[in-house]
**Student:** 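Attaching a single structure in structure tokens format; questions to follow.
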Amino acid sequence: MATYRTILVGTDGSASSLGAVSSAASLAAATGADLILACAYSPMRERDRNAAADVLGDLSYKVTGSTPADDALRAARERAVAAGARAIELAAEEGDAVDVLVSLAGRRGADLVVVGNRGLNSLAGRLLGSVPSGVSQRAGCDVLIVHTTSGR
């Protein structure tokens with residue numbers, strides 16, 4: 001079995017992705033690996049940003065820029081700490097989830113990328129591709145697809 005020194009796990013704050021975080025954190029705790037929690041985000045168009053500001057006022061920062069990704073990463077960090085991970089790094093990057101995860105894995109020298117299986121069993125996932133399938137095809141390291149959904 002391979003020894004992992006750096007484990008990267010993708011999260012978007014969903015229950016499925018937090019399940020993947022728990023699995024990755026448990027593995028990092030068991031092997032003493034560093035854990036990188038990663039979240040990709042898309043910038044909000046100016047029109048949408050202005051509409052959010054009109055509706056939300058001073059709270060509009062909660063839905064613009066990297067704030068939603070930062071919130072997802074804070075929740076993931078709590079989950080990772082609870083699972084026993086010790087060396088945890090957070091990474092919020094603008095871009096497509098697959099591109100961000102593959103790029104981060106390469107730049108940070110990850111030995112393993114962990115993602116949840118959400119998207120593999122959906123019609124859209126089969127036709128358009130999904131994060132788990134895209135990462136597994138493009139990553140230059142091992143990929144663990146954690147069973148986080150019922151698959152129905």
Side-chain angles (χ1 to χ4, degrees), residues 1-45 48-49 52 61-152:
M1 183 168 160
T3 301
Y4 299 115
R5 295 178 316 272
T6 304
I7 299 171
L8 173 83
V9 59
T11 185
D12 60 7
S14 67
S16 174
S17 73
L18 290 175
V21 167
S22 292
S23 293
S26 294
L27 184 57
T31 61
D34 293 341
L35 181 64
I36 302 170
L37 305 173
C39 185
Y41 66 92
S42 298
M44 187 177 271
R45 295 182 313 211
D48 295 335
R49 206 172 28 251
Y61 74 92
K62 290 186 173 269
V63 296
T64 60
S66 66
T67 300
D70 295 336
D71 291 345
L73 288 172
R74 275 191 289 282
R77 182 193 239 335
E78 289 176 14
R79 183 74 67 105
V81 167
R86 290 175 292 284
I88 303 169
E89 181 182 339
L90 306 180
E93 291 196 9
E94 183 179 320
D96 171 75
V98 173
D99 293 339
V100 165
L101 292 174
V102 170
S103 175
L104 263 173
R107 289 192 330 261
R108 304 288 173 88
D111 307 297
L112 178 68
V113 176
V114 178
V115 292
N117 71 317
R118 188 180 79 191
L120 285 178
N121 295 318
S122 70
L123 177 60
R126 288 192 296 274
L127 294 176
L128 303 173
S130 65
V131 172
S133 114
V135 170
S136 69
Q137 292 172 21
R138 294 182 39 206
C141 62
D142 290 351
V143 176
L144 174 61
I145 300 173
V146 179
H147 188 77
T148 60
T149 63
S150 67
R152 292 182 204 161

**Student:** Is a salt bridge present between Arg108 and Asp34, judged by a nitrogen-to-oxygen distance below 4.0 Å?
**Tutor:** no
**Student:** List the atom of Val98, the atom of Asp96, and the distance in Å for their closest heavy-atom pair.
**Tutor:** N-OD2, 3.1 Å
**Student:** State the SG-CZ distance between Cys39 and Arg74, to the nearest 0.5 angstrom.
**Tutor:** 11.0 Å
**Student:** Give me the atom names and distance for the closest heavy-atom approach of Ala69 to Ala92.
**Tutor:** CB-CB, 4.0 Å
**Student:** Does Glu89 pair with Arg77 as a salt bridge, N-O distance under 4.0 Å?
**Tutor:** no
**Student:** If we ignore hydrogens and angles and just use 3.5 Å, is the side chain of Ser23 paired with the main-chain N or O of Ala20 as donor and acceptor?
**Tutor:** no
**Student:** With the side chain counted from C-beta on, respond yes when Leu112 and Leu27 share a heavy-atom pair under 4.5 Å apart, and no when they do not.
**Tutor:** yes
**Student:** Is it the case that the side chain of Ser103 and the backbone of Val100 share a donor-acceptor pair, with hydrogens and angles ignored and the cut-off at 3.5 Å?
**Tutor:** no
**Student:** Walk me through it: do Leu18 and Thr11 pass the test side chain to side chain contact (heavy atoms under 4.5 Å, CB included)?
**Tutor:** CA-CA 7 Å; Leu18 290 175; Thr11 185; 4.0 Å; yes
**Student:** Should Arg138 and Asp99 count as side-chain neighbours, where that means a heavy-atom distance under 4.5 Å?
**Tutor:** yes
**Student:** Report the C-alpha separation of Asp12 and Tyr41 in whole Å, then their side-chain angles, then the decisive distance to 0.1 Å, and conclude whether the side chain to side chain donor-acceptor pair (under 3.5 Å) test is met.
**Tutor:** CA-CA 9 Å; Asp12 60 7; Tyr41 66 92; over 6 Å; no
**Student:** Is a side-chain donor or acceptor of Asn117 paired with a backbone partner of Ile145 at a separation under 3.5 angstrom?
**Tutor:** no
**Student:** Is there a side chain to side chain contact (heavy atoms under 4.5 Å, CB included) between Thr31 and Thr3? Walk through the geometry before answering.
**Tutor:** CA-CA 7 Å; Thr31 61; Thr3 301; 5.7 Å; no
**Student:** Locate the shortest heavy-atom distance separating Pro132 from Val115; write the atom from each residue and the value.
**Tutor:** CA-CG2, 3.8 Å
**Student:** Mind listing the closest non-hydrogen atom pair of Ala91 and Leu104 along with its distance?
**Tutor:** CB-CD1, 3.9 Å
**Student:** Which atoms form the tightest heavy-atom contact between Ser133 and Ser136, and what is the distance?
**Tutor:** O-OG, 2.9 Å
**Student:** Can you tell me how far CD1 of Ile7 sits from CD1 of Ile88, rounded to the nearest 0.5 angstrom?
**Tutor:** 11.5 Å
**Student:** What's the separation between atom CG in Leu101 and atom CD in Glu93, rounded to the nearest 0.5 Å?
**Tutor:** 9.5 Å
**Student:** Just wondering, do Asp71 and Leu73 contact through their side chains at under 4.5 Å, heavy atoms?
**Tutor:** no
**Student:** How far apart are the closest heavy atoms of Ala83 and Ser22, and which atoms are they?
**Tutor:** CB-O, 3.9 Å
**Student:** From the options Val114, Val143, Ile36, Leu37, select the one residue that forms a side chain to side chain contact (heavy atoms under 4.5 Å, CB included) with Leu8.
**Tutor:** Ile36
**Student:** Can Val113 and Asp142 be said to form a side chain to side chain contact (heavy atoms under 4.5 Å, CB included), step by step?
**Tutor:** CA-CA 6 Å; Val113 176; Asp142 290 351; over 6 Å; no
**Student:** Under the side chain to side chain donor-acceptor pair (under 3.5 Å) rule, collect the residues that match up with Arg86, sequence neighbours excluded.
**Tutor:** none
